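The structure appears below as structure tokens.
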Amino acid sequence: MLQEIPEKYETKKVEEQINQFWNETDAYHKTREGRKNGKKFFFVDGPPYTTGHIHMGTAWNKVIKDSILRYRSMNGDAVTDTPGWDMHGLPIEVKVEEKLGFQSKKDIETFGVGNFIQECKSFAIEKKGDMTNQFKALGIWMDWDNPYMTLKDEYIEAAWWVIQKAHEKSLLEEGKRVVNWCPRCETAIADSEVEYMDRDDDSIYVKFPVKGEQDFYVVIWTTTPWTIPSNVAAAVHPDAEYVIVKATREDGKVERLLIGKESVPLIMKRGKYPSHEILETKKGSDLQGLEYTAPLAAEVPAQAEMAHAVYPADYVSLDNTGIVHIAPGHGLDDFNVGSKFGLPIFCPVGSNGSYTKEAGKYAGMNIREANDIIIEDLKSKDLLLSQGKINHRYGHCWRCKTAIIYLATEQWFLDVGKIKDEMLNAIDNEIEWTPDWAGSARFRDWVADARDWCISRQRYWGIPVPIWTCPDCKKRAVFGTKQELITKAQLTGDIELHRPYVDEVTLECECGGKMVRTKDVFDVWFDSAVASFATLGFPGRTDLFEEKWPADFITEGHDQTRGWFYSQLGASIAAFGKTPYKSVLMHGFTMDKDGKKMSKSLGNVVTPDEVIEKYGADVLRAYSLSSSAPWDDLKFVWDDVATVNRTVNILWNVYKFPLPYMVLDNFNPLEHPAESLIGSMREEDKWILSRLQSTVAEVTEAMDEKTLHKALRGLFNFILEDLSRWYIQLIRPRTWTEANDPDKLAVYATLYETYVTIAKLSAPFMPYLSETMYQNLVKNIDENAPLSVHMNDWPAPKEIFVNAELEEHMEIVRNVVEASSNARQKAGRKLRWPISRIVVVPTDEAVAAALTHLRDVLLEQTNAKDVEVLAVGEAWKDLDVQMTPNQSVLGPTFKQDAKKVSDALIEAGAKSLKEVFDRVEEMELSLADGTTVTITADMVIFEELIPEGIAGSDSDCGMVYVDAKLTKELESEGYTREVIRRIQDMRKELNLAVDDQITAAVLIKDQHVSDLIKDMTSLIATEVRAGELILNPDAASGDLIKEWDIEGIQMTIGISGKKA
RNA sequence: GGGCCCGUAGCUUAGCCUGGUGGAGCGUUCGGCUGAUAACCGAAAGGUCCUGCGUUCGAAUCGCAGCGGGCCCA
């Protein structure tokens, strides 16, 4: 049996009930079980980092995933829905360090690495639990009991396996490179871990003395004084022009400066040189080999040993001095220049950001603290041309926000250069991108520019690098699985693959030495890079891998271009030479209402929790999916969430509306499927069913194209425009009839078909609401129906209901009704008052056909007694025409006779002139004096004159006139409806049930109106379910008595109710 | 500084690929409806289509340059 539902849509109750239902019935597992033999759809979840709380972006991400998985599942696919968790890495280490009050790595060593990673592990597992609950609250159906976790040994093995393969293919390299280095975390960090923020730094111009010359300098600019002790060269752009300037100082001293030609004004200003003169112009390439003396040779002994000279480099820009200071130990470009010209890689800075012994005078100092001292030293030697501060964007450690430095260190690299072509080929040919440019432009550009990937980190909480090296003979062993290690190391028991346990494993080398593990752990990005096969248990097991890999689908935000899209592709190409995923949907970010990033410091963060609390999970889901294209950024606007909520609420109201009638009538949809009642259906029933099929097609197409916003908008548009605003309005009277006739059954069946289909169509997006509708509409009727809406097949358009012409005709009628309302408003006639007719001048035959076809709908909705459809282009004969002579044309044409012509035109009359000019462009007109002139169409201006009581409104379908002139009958009906409305209103006020009987008394003093109503009392009585209705008793009486003013007419109405 | 995306009414957006009178929703104002009713419907006002230049008979749409926002990189 169908059941009535609560008056109000209460999301909390719905979600609570449905969650309980899902839990009790194990609906999730049964749904997956039901599709296990379907077409495989291998989805891989990009693992969120276990921070403990999800934000709007994470929520949106999972909602997209869940919607697509539910959609695929309803289409019969056996979906893989393993959620993932990213649980290693510096962010957690930093959190744990904060918690334990640690300052540096030394504190960790003292605490014990074993204890430390235990803390990290507990943290990650606890947060994973918290976040799982948050995702569940969003209605996300994933295999929450069996997620993949990067900290599991089985998972770690996948990373090891890739490294072993990379090693075998010579893609693994160890070497000295310049890396981003966090001096606090004392580790290398990946490009992707560098966060750019504004920062104040020194800005100094330094004079390098040219060797063997007096007062001749090469001038460079830098923001890092601390790198001057590491300087080994200066670089110029080979194609740029440089000048030697003779510059006179304020103190009269004359210097010669080598700078870029364009830099002269700037440098003269910075160095406060009152006058100067250009001595010589040189091309950059001609400057190569120009030697200079190290500025800090005295302070840094090693500097005195090295040669310093000018070299060309293409990357040099002409900003500042046009000459760049080169410290190969502290910059990537510098390092490359150094390598190219065989310069020493001098790097007297240690891992904690302090100078080493090699730095001479500065040894032991923190580099940033040394800045001022170095500046002073340069100043004292008169080598400082200028000194200032600059605010610029500079890289910081993404976790601890410390300003990074660049250090040349020994690291492990994945040689991306060797596999880049394969990666690009996969992007171009093997992966389907949504939107297309995500792959063809954005990701492609990133990969094309990618450098070797530094995968080693000098930290603790991560996947240990599986490389063992013999300190004596340098022989190396790389392990791909735990078992391999156990066997080779001849271990007896099991072993955990984390530090410090794995560090204790040593191997006997062929040379007799003892091989020890490289102390590094992996870059945490390398963890998730192996997710596509680690989630399948590979290499521990291979069956699932062979069956499913590579992924059919992944979807992540556009930041993952540099992240997961890249890391996965790199790892898979390195290991298997194949792409790990076949299609990608790249989605956007959630921004605040102004399109700004949500951040704690800006105080503009909105959490998913808040939204669920206020509007529920379904509304949050529907909002985030519908308000922008997946790949565009989503501006979070509360007002718009409220609008979506309103739409969902309308769906609830629409769904609720017929239930009391259906329940009362014991309507059984199984006995009366819509298909069987087509013969009894009115045109509007067939119309809504046709629109329903179009909507099914539209939503399906949108989902297949991954344009989820279009799917939601199509669905909502149908619910709002077609169902709520039109169909429900049309059929309301039919649901009130008490007779059990086929006409009413047709409405029930139509509504039922529509609602069940809507429940299925909205299932991927609003899993709770759709389920509650389905449970009532379907499960309450048919025990054999699938347990959950989510176990149903995705609806396909039913051909039998498709009728494109009917849809087109109804569209026209709606247009005309709208124009009619507009005209009514102009005529000042409320809809409640009938009008004698509407007159339409159709723009084309289709409009005429539609109005004839759907005449009943048109009459009903316009509350008109008749409709006249004129022929296309026909003028309505009741319309008066007013003509005005166009003096601005008549004047110049007829000069002094203009007045006479004008008079003659007025004499001829508007109507007859209009008839003529409707047919031809010009006519002969006789004037009063007997002469004849030629009148052209542009000499007269016609205006339609609408008769009294009629109003017109233009529409796409043509002019629509309403004839609002009253007749006695119309007036009588108008007042009758006014009275009915008032009594209904009072019934409502007394909280009477629909079928309660009343007695009513209506007192109207106005004789005219009273007479108009007199013959209508039985009609009124029927409409308001009054057993007795008395017109004009001595006094109104009843439980409720009210005074009404209707169009200036006073009425007193009293009613009494009694329970049916 | 570079790559990609976005810029349309007060706000959120459709239209842009394939050039031809810019269309919705929210909000505002006015009105209507009244057994979906703390709901619903209609109308009006509101636009330098980010700016400039170009192509074209014609540009929101195509091209170039710039400005602003986002992501990524340097």
Side-chain angles (χ1 to χ4, degrees), chain A residues 7-9 191-192 194 196 315 317 319 332-333 393-395 435-446 448-451 557-563 565-566 586-591 593-597 623 626-629 631-644 646-647 649-661 709-710 713 716-717 720-721 723-726 728-729 732-733 735-736 817-826 828-833 861 863 953 977 980-985 987-989 991-996 1023-1025:
Chain A
E7 191 72 10
K8 287 187 72 177
Y9 170 54
D191 288 343
S192 51
V194 178
Y196 289 84
Y315 77 90
S317 82
D319 301 339
L332 184 80
D333 289 325
R393 282 172 69 75
Y394 191 83
D436 179 69
W437 51 259
S440 62
R442 198 186 167 105
F443 188 47
R444 196 178 203 292
D445 287 350
W446 160 259
D449 289 344
R451 307 193 304 233
H558 43 48
D559 56 331
Q560 298 303 332
T561 301
R562 67 165 181 179
F565 298 156
Y566 174 70
M586 185 184 82
H587 67 74
F589 267 44
T590 45
M591 301 291 155
K593 62 182 170 50
D594 302 317
K596 293 259 191 303
K597 201 196 270 206
Y623 168 71
S626 66
S627 54
S628 65
W631 51 85
D632 282 338
D633 287 347
L634 171 71
K635 285 189 201 173
F636 188 91
V637 182
W638 275 109
D639 276 357
D640 292 346
V641 183
T643 303
V644 170
R646 195 187 67 124
T647 304
N649 196 44
I650 289 173
L651 172 57
W652 181 266
N653 283 332
V654 158
Y655 158 55
K656 180 187 69 179
F657 155 71
L659 289 175
Y661 310 109
H709 62 307
K710 287 188 180 169
R713 288 173 190 181
F716 281 169
N717 185 59
L720 235 43
E721 286 295 328
L723 190 57
S724 168
R725 289 183 190 163
W726 195 244
I728 297 290
Q729 305 310 325
R732 276 158 77 166
T735 59
W736 303 332
V817 170
E818 198 172 303
S820 154
S821 310
N822 193 343
R824 265 181 180 274
Q825 204 161 333
K826 286 183 193 165
R829 186 70 71 221
K830 300 179 196 176
L831 186 56
R832 199 181 300 134
W833 287 65
Q861 288 304 297
N863 194 15
S953 171
R977 292 186 65 166
I980 292 169
R981 208 238 109 184
R982 269 29 176 226
I983 298 176
Q984 299 285 34
D985 197 74
R987 284 185 62 114
K988 191 81 195 166
E989 199 171 325
N991 263 325
L992 295 176
V994 184
D995 48 351
D996 286 346
E1023 285 288 316
V1024 301
R1025 287 180 193 256

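So that the names make sense, note that chain A is the first sequence line, chain B the second, and so on, each numbered from 1. None of these values were measured; they are calculated from a predicted model.
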> Taking it one step at a time, do Val641(A) and Phe636(A) satisfy side-chain contact (heavy atoms from CB on, under 4.5 Å)?
Replying inline: CA-CA 8 Å; Val641(A) 183; Phe636(A) 188 91; 3.7 Å; yes
If I take atom [atom1] in residue [X] and atom [atom2] in nucleotide [N], what distance separates them, rounded to the nearest angstrom?
X         : N      : atom1 : atom2 : value
Met586(A) : G3(B)  : CE    : P     : 17 Å
Glu818(A) : A24(B) : CD    : C1'   : 12 Å
Leu634(A) : G70(B) : CG    : P     : 15 Å
His558(A) : C5(B)  : NE2   : C1'   : 7 Å
Asp445(A) : G1(B)  : CG    : C1'   : 16 Å
Phe565(A) : G3(B)  : CZ    : C1'   : 16 Å
Glu721(A) : G23(B) : CD    : P     : 16 Å
Lys635(A) : C71(B) : NZ    : P     : 13 Å

From the set [options], return the single nucleotide nearest to any side-chain atom of [X].
X         : options                : result
Asp559(A) : A36(B), U13(B), C71(B) : C71(B)
Val637(A) : A36(B), A14(B), C11(B) : C11(B)
Gln729(A) : C4(B), C40(B), C11(B)  : C40(B)

> Atom CG of Leu723(A) and atom CD of Gln729(A): how far apart are they, to the nearest 0.5 Å?
Replying inline: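 Taking CG in Leu723(A) and CD in Gln729(A), the distance rounds to 10.0 Å.
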> To the nearest 0.5 Å, how far apart are NZ in Lys830(A) and CZ in Arg981(A)?
Replying inline: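 Going from NZ on Lys830(A) over to CZ on Arg981(A), the span is 8.5 Å.
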Euclidean distance for [atom1], [N] against [M] (whole angstrom):
N      : M      : atom1 : answer
C49(B) : G1(B)  : P     : 29 Å
G20(B) : A39(B) : P     : 41 Å
G27(B) : A43(B) : C1'   : 16 Å
U21(B) : G25(B) : C1'   : 23 Å
G10(B) : G47(B) : C1'   : 12 Å
G23(B) : A9(B)  : P     : 14 Å
A14(B) : C6(B)  : C1'   : 15 Å
G2(B)  : G42(B) : P     : 49 Å

Who is the Watson-Crick or G-U wobble partner of [N], with both distances under 3.5 Å?
N      : answer
C71(B) : G3(B)
U55(B) : none
C49(B) : none
C16(B) : none
C40(B) : G32(B)

>> Let me spell it out: for each of Asp633(A) and Lys656(A), pick the nucleotide of RNA chain B with the closest heavy atom. Which residue's pick is nearer the 5' end?
In response: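 Result of the comparison: Lys656(A).
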> Mapping Ala629(A) and Thr561(A) to their closest nucleotides on RNA chain B, which lands nearer the 5' end?
Replying inline: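 Result of the comparison: Ala629(A).
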Is the shortest side-chain heavy-atom distance between [X] and [Y] below 4.5 Å?
X          : Y         : result
Phe716(A)  : Ile650(A) : no
Glu1023(A) : Ile983(A) : no
Arg977(A)  : Asn863(A) : yes

>> Does a side-chain N or O of Tyr9(A) approach OP1 or OP2 of A39(B) to a distance below 4.0 Å, or not?
In response: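 Negative; the distance criterion is not met.
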> On a plain distance test, is the side chain of Ser821(A) in donor-acceptor contact with the base of A43(B) below 3.5 Å?
Replying inline: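 No such pair is found, so the answer is no.
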> If the sugar-phosphate is the primed atoms plus P, OP1 and OP2 and the base is the rest, what is the B/S/- string for nucleotides 26-34 of chain B, using protein heavy atoms under 4.0 Å?
Replying inline: S-----SSB
> What pair of heavy atoms forms the shortest contact from Tyr623(A) to Lys635(A), and how long is it?
Replying inline: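 Scanning both residues, the minimum pair turns out to be OH-O, 2.8 Å.
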> Do you know which two heavy atoms are closest between Met586(A) and Phe565(A), and how far apart they sit?
Replying inline: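 That closest heavy-atom pairing would be CG-CE1, 4.0 Å.
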Mind checking [X] for me? I need base, sugar-phosphate or nothing, with any heavy atom below 4.0 Å counting as a touch.
X         : answer
Thr647(A) : nothing
Tyr623(A) : nothing
Ile728(A) : base

> Short question: side chain of Arg442(A), backbone of Trp437(A) - any donor-acceptor pair under 3.5 Å?
Replying inline: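 Side chain of Arg442(A) to backbone of Trp437(A): no pair is present.
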> Phe657(A): what forms a ring-ring contact (aromatic ring centres under 6.0 Å, His included) with it, not counting sequence neighbours?
Replying inline: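 ring-ring contact (aromatic ring centres under 6.0 Å, His included) list for Phe657(A), sorted by chain: Tyr661(A).
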